[in-house]
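Naming: A, B, ... by sequence-line order, numbering from 1 per chain. Nothing here was measured: the structure is a model prediction, and the numbers come from that model.
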There are 2 protein chains.
Amino acid sequence: MKTLGKKGAATREAILASARQAFTQSGYDVGVREIAENAGVTAMLVNRYFGSKEQLFEEVVDLVLSAPGILTREVMTNAPDVSTLCRDVAAALVAKTAPGITSMDGFLIMLRSANNGQATAILRRKFETHFARPLSELLPGEETSQRAAMFLAVIAGFQVMRQVVEMAALAQAKPDQLERQLEALFGLLIIGTPVKHLTG
Amino acid sequence: MKTLGKKGAATREAILASARQAFTQSGYDVGVREIAENAGVTAMLVNRYFGSKEQLFEEVVDLVLSAPGILTREVMTNAPDVSTLCRDVAAALVAKTAPGITSMDGFLIMLRSANNGQATAILRRKFETHFARPLSELLPGEETSQRAAMFLAVIAGFQVMRQVVEMAALAQAKPDQLERQLEALFGLLIIGTPVKHLTG
DNA sequence: GTCTATACTTTGATAGAC
DNA sequence: GTCTATCAAAGTATAGAC
């Protein structure tokens, strides 16, 4: 382990910030040289400070999953009850996936990097510890781990259709309509029954 | 455009078949040399017959999207009623995403090429015409296009979590439990109310 | 300590010989 | 119509300049 001076730490942060931007926008397949260039350094320093591209990706994922996103520890633990959680997550999800917004969410990184085996292996571990396990412990009733996973699947599917594929029906729909549909789905998974009918 | 003789067309088919197998098993990151080797030719011929690896992938996508998948016109139009449709799609989805099975469904191909702009543009059009529009016309009630899109989003999300990320809770769950959960979600989107309670 | 220059390895793509 | 030879780009590793 190398000791880092002040300048070194700054460079490390610059690379990390550049990598976060690049991975979110282009997925894991973005080049290390491009990441380094946007940080004002050469590609070699990426390996010096992070060991490998894979480890750099892992650190970026940690960073993004810890930052406020659609599902955070705060959202999960601060919600007074589960129906509030449904509404909060639905609202955050619709807002963060609005057309034209380049959100830095962990789910988006996952979807953009889904074609790379190394990246998905890292994401699997991070999703388990950050989302699946705490959410599963929060749910009442039985089969909590499956229901938690389905919850995450709905979030991921909504994002891939709205932000990546950009399906017309989701990109142009009114936000409150989408929120209502998502809230109903989440309610079904969380408390076992829908909080509200879809057509109001 | 080159003119193809009998032998040329045969090698082209061999490469295409090998590519379908390879992409299904290993995803887009599989090497062109490996694809060519399994077809009994050198890597060069891949580019000669398909232009690039990307175009080869696109042709495999076309091939797979034409074949019966999770949502086909038959499933959609042959179902006597919508609740049967929910059950059929849920069962097909769980079966096709079983661990160890790498069926190259259209949704999965979409996810694997999600970071490629051209690929998503092509897939967006195919999804609209093949899935979104006919499904939307099949649904009763209001907001049919949004609900159809959400339906597709749930399918996509389930696949990405079970097949790509391989979340433990989804990969190891009992098939009939997953089917029940999916059927409830689909029912909520299709007929506006769940067909069955989750813990029932 | 911090960083650049250089090169090795693999992979996708191209040119020209037969 | 097919192959050998080669190129360009990407991830990585080493040596050494300041």
Sidechain N-carboxylate O distance under 4.0 Å for B/Glu179, B/Arg87
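Looking at B/Glu179 and B/Arg87, the cut-off is not met.
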Whole-Å gap separating [atom2] ([N]) and [atom1] ([X]):
{"X": "A/Phe50", "N": "C/dC3", "atom1": "CZ", "atom2": "P", "answer": "12 Å"}
{"X": "B/Tyr49", "N": "D/dC3", "atom1": "OH", "atom2": "C1'", "answer": "12 Å"}
{"X": "A/Leu45", "N": "C/dG1", "atom1": "CG", "atom2": "C1'", "answer": "12 Å"}
{"X": "A/Asn116", "N": "C/dT11", "atom1": "CG", "atom2": "P", "answer": "13 Å"}
{"X": "A/Met44", "N": "D/dG16", "atom1": "CE", "atom2": "P", "answer": "15 Å"}
{"X": "B/Lys53", "N": "C/dT11", "atom1": "NZ", "atom2": "P", "answer": "10 Å"}
{"X": "B/Asn47", "N": "D/dA8", "atom1": "CG", "atom2": "P", "answer": "16 Å"}

Which residue pairs pass the ring pair (Phe, Tyr, Trp, His ring centres under 6.0 Å) test with at least one member in residues 137-177 of chain A, sequence neighbours excluded?
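Pairs touching residues 137-177 of chain A that pass the test: A/Phe151-A/Phe186.
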Where at least one partner belongs to residues 89-111 of chain A, residue pairs that pass ring pair (Phe, Tyr, Trp, His ring centres under 6.0 Å), sequence neighbours excluded
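Residue pairs passing ring pair (Phe, Tyr, Trp, His ring centres under 6.0 Å), neighbours aside: A/Phe107-A/Phe127, A/Phe107-A/Phe131.
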Of the nucleotides C/dT2, D/dG1, D/dT12, which has the atom closest to the A/Ser52 side chain?
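Given the options C/dT2, D/dG1, D/dT12, the side chain of A/Ser52 is closest to D/dT12.
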Taking only N and O in the side chain of A/Thr42, is any of them less than 4.0 Å away from OP1 or OP2 of C/dT4?
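Indeed, a polar side-chain atom of A/Thr42 lies that close.
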For a quick test of reading the model: is some side-chain N or O of B/Thr11 closer than 4.0 Å to OP1 or OP2 of D/dG1?
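Looking at the OP1 and OP2 atoms of D/dG1, neither is under 4.0 Å from any side-chain N or O of B/Thr11.
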Please check if any side-chain donor atom of B/Gln177 sits under 3.5 Å from a side-chain acceptor atom of A/Gln146, or the reverse.
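Checked: B/Gln177/A/Gln146 side chains pair up, N/O donor to acceptor below 3.5 Å.
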Taking atom types as modelled and ignoring hydrogens, do the side chains of A/Gln25 and A/Gln21 form a donor-acceptor contact shorter than 3.5 angstrom?
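Yes, a side-chain donor-acceptor pair sits under 3.5 Å.
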Give, ordered by number, those residues of residues 27-40 of chain A having at least one heavy-atom distance below 4.0 Å to an atom of DNA chain D; if nothing qualifies, reply none.
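Under 4.0 Å from DNA chain D: A/Val30, A/Gly31, A/Val32, A/Arg33.
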Does any non-hydrogen side-chain atom of A/Thr144 lie less than 4.5 Å from one of A/Glu137?
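Not in contact.
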